[in-house]
2 protein chains.
Amino acid sequence: MKERLQKAFARTGLRQTPQRHDVLAWLVRHKRHSTAEEIFEAVNRSNQRLSRATVYNALHALVESGLVRPVAVEGAASRFDATLDRHHHFICDRCGAIEDLAWFGLPVKAMQAAAGGRAVRDVEITLHGTCERCARGKTKPPPKTE
Amino acid sequence: MKERLQKAFARTGLRQTPQRHDVLAWLVRHKRHSTAEEIFEAVNRSNQRLSRATVYNALHALVESGLVRPVAVEGAASRFDATLDRHHHFICDRCGAIEDLAWFGLPVKAMQAAAGGRAVRDVEITLHGTCERCARGKTKPPPKTE
DNA sequence: CCACACTCTTAGACTAAATCTAAAGTTGGA
DNA sequence: TCCAACTTTAGATTTAGTCTAAGAGTGTGG
């Protein structure tokens, strides 16, 4: 694990500070999609002491170098995701949970046609719907009677 | 136009207040992807006087009823998008511009396989890369030399 | 091994986005 | 008309994220 992170840092040329290491390690270890605040608390709780600003700095550096990906969630604190493996996301309308989905390919031709002259670096796919827990009625049903 | 909005409201059963109308009208008329703040200023500038909270209320009601879609942008105020027509999005890494792309279909089977038992309501696709303006060097190049 | 330049981290102030609250205004149905 | 439910309002409040200035860490040339 240590080595995996070492390599990741080496590969991207990003200087590895203890703080950056801890942030990335947390994201790799915990597959949920944490907010900056959660990471801040979690890492501080364990060993290292690091400031809020450092969490943001580290996250930005990691995103910049591609080791971490921001998961865009509307109307809430953004979440982050170590992406040493490719995957898509599913967000539940009702409870807001973010789940990982297996990677599936895209219609590259159609996509490039739509993109026109733009240089595409990455594609982000998010499915929205109802997660299995919510579908089973584990959470309160939507207020609409209709 | 008026009628189009009328119909949209009727279709969803959402009560049409002047404020909601104005917010939706702005989004339909201006194809850029506005923030709540922009809408607040724009609508107030013209005719109606409406409070910040109302803009948020209206946007949430509209999103709820499907007339408007939030465009999740990490690390910035969320933007909104009247979607009476289907399309995807492109976000420029460098300048942050959000552009609409022509709709293209997805590999439905693979997608459903990845989704497993989850009920999918919608799919959101966002391409990331460099927009044409930035590619032409109209903005400062990235600091990396590498 | 030291000095210097550079990068990173820190605490806390600050800004901006979004929500909450309590009161007043609308609306439609009985 | 009257009532109950819903909507809007202004402004306070909460929360996310950035900024700043000072200090610590790192690495390279001497």
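In what follows, chains carry the letters A, B, and so on, assigned in the order in which the sequence lines appear, proteins first and then strands, with residues in each chain numbered from 1. Values reported hereafter were calculated over all heavy atoms of this structure, with side chains retained and with hydrogens, waters and symmetry mates removed.
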Can you tell me the distance, in whole Å, between the [atom1] atom of [X] and the [atom2] atom of [N]?
| X | N | atom1 | atom2 | result |
| --- | --- | --- | --- | --- |
| B:Arg49 | D:dT7 | CZ | C1' | 17 Å |
| B:Tyr56 | C:dA17 | OH | P | 7 Å |
| A:Leu50 | C:dG12 | CG | C1' | 15 Å |
| A:Glu38 | D:dA16 | CD | P | 10 Å |
| A:Ile39 | D:dA16 | CD1 | P | 13 Å |
| A:Asn57 | C:dT10 | CG | P | 9 Å |
| A:Arg79 | D:dG17 | CZ | P | 10 Å |
| A:Phe40 | D:dT15 | CZ | P | 15 Å |

What are the two closest non-hydrogen atoms of [X] and [Y], and how far apart are they?
| X | Y | value |
| --- | --- | --- |
| B:Ser65 | B:Thr12 | O-CG2, 3.5 Å |
| B:Leu24 | B:Ala82 | CD1-CB, 4.3 Å |
| B:Ala114 | A:Ala102 | CB-O, 3.6 Å |

Compare all side-chain heavy atoms of [X] with those of [Y] and state whether any distance is below 4.5 angstrom.
| X | Y | result |
| --- | --- | --- |
| A:Phe40 | A:Thr35 | no |
| A:Val23 | A:Leu50 | yes |
| B:Phe90 | B:Cys131 | yes |

**Message:** Has A:His88 got a side-chain atom pairing as donor or acceptor with A:Phe104's backbone, closer than 3.5 angstrom?
**Reply:** yes

**Message:** Donor-acceptor pair, distance only, cut-off 3.5 Å: does the side chain of B:Arg20 make one with the backbone of B:Arg15?
**Reply:** yes

**Salt-bridge present (B:Arg69, B:Glu124; N to O < 4.0 Å)** = no

**Request:** Could you check whether A:Thr17 gets within reach of a base, just the sugar-phosphate, or nothing at all, counting any heavy atom under 4.0 Å?
**Result:** sugar-phosphate

**Message:** What's B:Arg52 touching, base or sugar-phosphate or nothing? Going by heavy atoms closer than 4.0 Å.
**Reply:** nothing

**Message:** Could you check whether A:Asp100 and A:His33, counting side-chain N and O atoms only, form a donor-acceptor pair closer than 3.5 Å?
**Reply:** yes

Measuring to OP1 and OP2 of [N], would you say a side-chain N or O of [X] lies under 4.0 angstrom away?
| X | N | answer |
| --- | --- | --- |
| B:His60 | C:dT19 | yes |
| B:Ser78 | C:dA18 | yes |
| B:Ser51 | D:dT8 | no |

**Request:** Could you run through nucleotides 23-30 of chain C and give me one letter per nucleotide, 5' to 3': B if any protein heavy atom sits under 4.0 Å from the base, S if only the sugar-phosphate is that close, - if neither?
**Result:** --------

**Message:** At a heavy-atom distance below 4.0 Å, what parts of residues 19-27 of chain A sit against DNA chain D?
**Reply:** none

**Request:** Return the 5'-most residue of the pair B:Thr35, A:Leu14 with respect to DNA chain C, ranking by each residue's nearest nucleotide.
**Result:** A:Leu14

**Message:** A quick test of your reading: do over 12 heavy atoms of other residues, nucleotides or ligands sit less than 6.0 Å from CZ of A:Arg4?
**Reply:** no

**Message:** Below 30° counts as parallel, above 60° as perpendicular, anything between as tilted: where do the rings of B:His87 and B:His89 land?
**Reply:** perpendicular

**Asked** Between the two end axes of the helix from C:dC1-D:dG30 to C:dA30-D:dT1, each built from 5 base pairs, what angle do you get to the nearest 10°?
**Response** 30°

